[in-house]
Amino acid sequence: MFVAWRDLRFAKGRFALTGTVILLVALLVGLLSGLTEGLAQRNVSAIAGLPADRIAFRSPDAGQDLSFADSAVTERQWRLWSEAPGVESAEPLGIATTRASAGERGAGVSVLGVAPGSRLVPAGDAFGGGSAVLSRAAAEELGVSAGDPFTLAGRELRVADVRGDAFHNHTPVVWTGLDDWRAVAPPSGEATEPAGTVLALTTTAGADIAATDRRAGTTTVRTGDSLTAIGSYAAENGSLRLMRGFLFAISALVVGAFFTVWTVQRAGDVAVLKALGASTARLLADAVGQALVLLAGGTLLGTALAAAVGALLGSTVPFVLTPAILVGPAAVLIALGTLGAALAIRRITAVDPLTALGSVR
Amino acid sequence: MSLELNDVTLTYPDGDTRLTALDRVDLSVPGGCLTAVVGPSGSGKSSLLAVAATLITPDTGTVTVDGVRTTGMGRGALTELRGRRIGIAFQHPHLLPSLTAVEQLQVMAGLGGRAARGARGRAMELLDAVGLADLAGRRPHRLSGGQRQRVNLARALTNDPAVLLVDEPTSALDHERGAAVVELIARLTRERGTATVLVTHDRAHLPAADRVVEFAG
């Protein structure tokens with residue numbers, strides 16, 4: 001790295017320019033990662049946070065995907081899952097989006113209905129039959145606290161408690177009893193009233209999921225996999241991840257282009273060093289080290305800047321940055337940039353040391 | 001310390017035929033001897049230097065550097081041999097633009113497997129030997145042509161090479177400075193006991209050499 005360090009200092013203008021591009025890409029990636037996570041939390045946190053390892057949907061019609069919007073499970077299906085071996089608990093969960101109001105204030109909310117005493121929601125035995133647990137965001141938007149009355153789709157309810165930060169489909173969550181949920185849920189089109197939208201299952205290794213699915217006419221997936229059944233989640237998350245992917249590719253291409261030009265410009269120096277006794281492996285290692293310094297510097301500064309912006313934004317926008325969310329994309333940025341640089345730098349292997357003796361044929 | 005070329009032939013492809021650059025050349029340079037190689041352009045002087053530097057493998061014949069026969073050696077071993085036992089001073093100094101004069105020599109010390117510790121002190125001694133100690137901190141663009149050539153020479157001597165190969169060191173210098181550089185090469189050759197081959201087109205410098213090998217055109 002002796003020559004590489006001095007090159008960095010000597011050509012600081014060129015390296016600073018490329019480093020700034022990397023910094024800006026890292027900043028954008030950091031901001032986009034925070035926004036992706038923030039939006040995802042407002043979309044799926046209620047389902048992702050359920051104390052259940054699997055979600056059972058009514059099997060969709062042929063050619064259709066799983067969807068919380070289209071699913072409705074029956075009492076029979078609930079009973080079959082409750083009695084299935086290896087299933088510790090099967091709890092119906094009803095989901096509906098509607099409007100809540102309190103006094104002058106109103107907000108769109110997701111109503112998540114659970115059975116009395118359900119462990120799907122904290123304080124599950126503290127409400128039902130005319131009362132509800134509100135997430136903090138729902139309570140803030142309605143301006144209510146425990147004991148206050150509010151209206152949910154025309155029904156008068158009382159706030160039993162304010163707990164958690166759950167969101168579903170970008171609306172804050174109101175936990176109610178199944179009866180209150182049924183009152184606000186749109187008609188399912190079935191002859192009998194549904195037990196819920198889906199079943200939240202806690203299973204053990206001995207559970208025969210496929211067999212129970214066949215008997216009950218359900219389709220069961222892991223809780224994490226069920227998130228794609230939330231209407232906007234897959235499209236929204238996919239778009240943001242695609243943007244981030246493009247930024248990774250742009251960064252790798254910028255770094256690759258810079259080091260292509262840099263290596264071509266240095267071909268004479270490389271030939272001299274080879275003629276003087278520098279091995280190709282050593283020259284490659286030096287050049288990759290130089291690229292790593294540039295990438296790590298730009299990425300660290302850009303990521304730090306993204307973290308600072310995230311801290312400034314606070315809760316004004318759906319933006320969540322944790323060390324884990326920052327480190328992953330930063331590592332990918334450095335890895336892909338190094339790959340781009342390595343592809344450019346491999347030209348070093350083709351430099352003939354003989355060219356240092358200019359007059360030889 | 002010696003350089004031996006025995007029965008060396010080197011040809012280059014030239015259309016459908018091959019052009020002979022070196023035809024069964026024998027050359028023996030003992031340590032402490034400055035051998036000047038002269039001849040017109042295209043006579044094979046630089047090819048001889050390239051073969052001696054192990055940058056080209058001859059078609060036939062052997063090259064022995066400081067008792068090490070290079071025939072059959074792999075590319076990696078030849079590269080290491082160049083770093084440790086062969087010093088090359090290029091026609092154009094080819095100093096690395098980002099490095100100061102003393103750093104040019106420190107890089108060479110690293111290539112020769114020398115510990116970084118003490119390399120700077122030794123590099124300063126060498127720069128002092130070529131009269132450039134005061135300019136050790138200057139980068140190439142702030143050195144004159146003669147000064148760059150002297151750094152080039154000092155760099156070639158950094159690892160105490162057994163063989164010193166010098167290619168047209170005076171081509172870009174006026175006569176006075178060229179003569180000073182050749183005198184310096186002759187002095188260093190004797191002081192350090194290197195087997196030195198000096199390729200030059202300027203016959204005015206030949207008196208400084210111990211032996212002269214003339215290549216025909």
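By convention in this document, chain letters (A, B, ...) are assigned in the order of the sequence lines, proteins followed by strands, and residues within each chain are numbered from 1. The figures that follow rest on heavy atoms only: side chains count, while hydrogens, waters and symmetry mates do not.
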From [X] atom [atom1] to [Y] atom [atom2], the distance as rounded to the nearest 0.5 Å:
{"X": "B:L111", "Y": "A:L273", "atom1": "CG", "atom2": "CG", "value": "6.5 Å"}
{"X": "B:S98", "Y": "A:F2", "atom1": "OG", "atom2": "CZ", "value": "9.0 Å"}
{"X": "B:L96", "Y": "A:D269", "atom1": "CG", "atom2": "CG", "value": "5.0 Å"}

Give, as side chain, backbone, both or neither, the part of [X] having an atom under 4.5 angstrom from any heavy atom of chain A.
{"X": "B:R75", "value": "neither"}
{"X": "B:I88", "value": "both"}
{"X": "B:R155", "value": "side chain"}

Return the option, out of A:L8, A:V272, A:D352, A:T280, with the maximum number of heavy-atom pairs under 4.5 Å with chain B.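 Result: the option with the highest number of such pairs is A:V272.
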Pick from A:A275, A:P353, A:A11, A:G268: which one has the most heavy-atom pairs with chain B under 4.5 Å? A:A275
Does CZ in B:R122 sit with more than 12 non-hydrogen atoms of other residues, nucleotides or ligands closer than 6.0 Å? yes
Proximity breakdown for A:R266 and chain B, heavy-atom pairs closer than 4.5 Å: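 Neither; nothing under 4.5 Å.
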How about residues 102-110 of chain B versus chain A: which residues have heavy atoms under 4.5 Å apart? B:E103, B:Q106, B:V107, B:M108, B:G110
Looking at side-chain heavy atoms only, is the closest gap between A:R6 and B:T100 below 4.5 Å?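 With C-beta onward as the side chain, the pair stays apart.
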Hey, are the side chains of A:L276 and B:H94 touching, using non-hydrogen atoms and a 4.5 Å cut-off?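 No - every pair of side-chain heavy atoms lies 4.5 Å or more apart.
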Would you say B:R82's side chain and A:K274's backbone share a donor-acceptor pair under 3.5 angstrom? yes
Looking at every non-hydrogen atom in both residues, tell me the closest pair between A:L354 and B:A50 and how far apart they are. CD1-CB, 3.6 Å
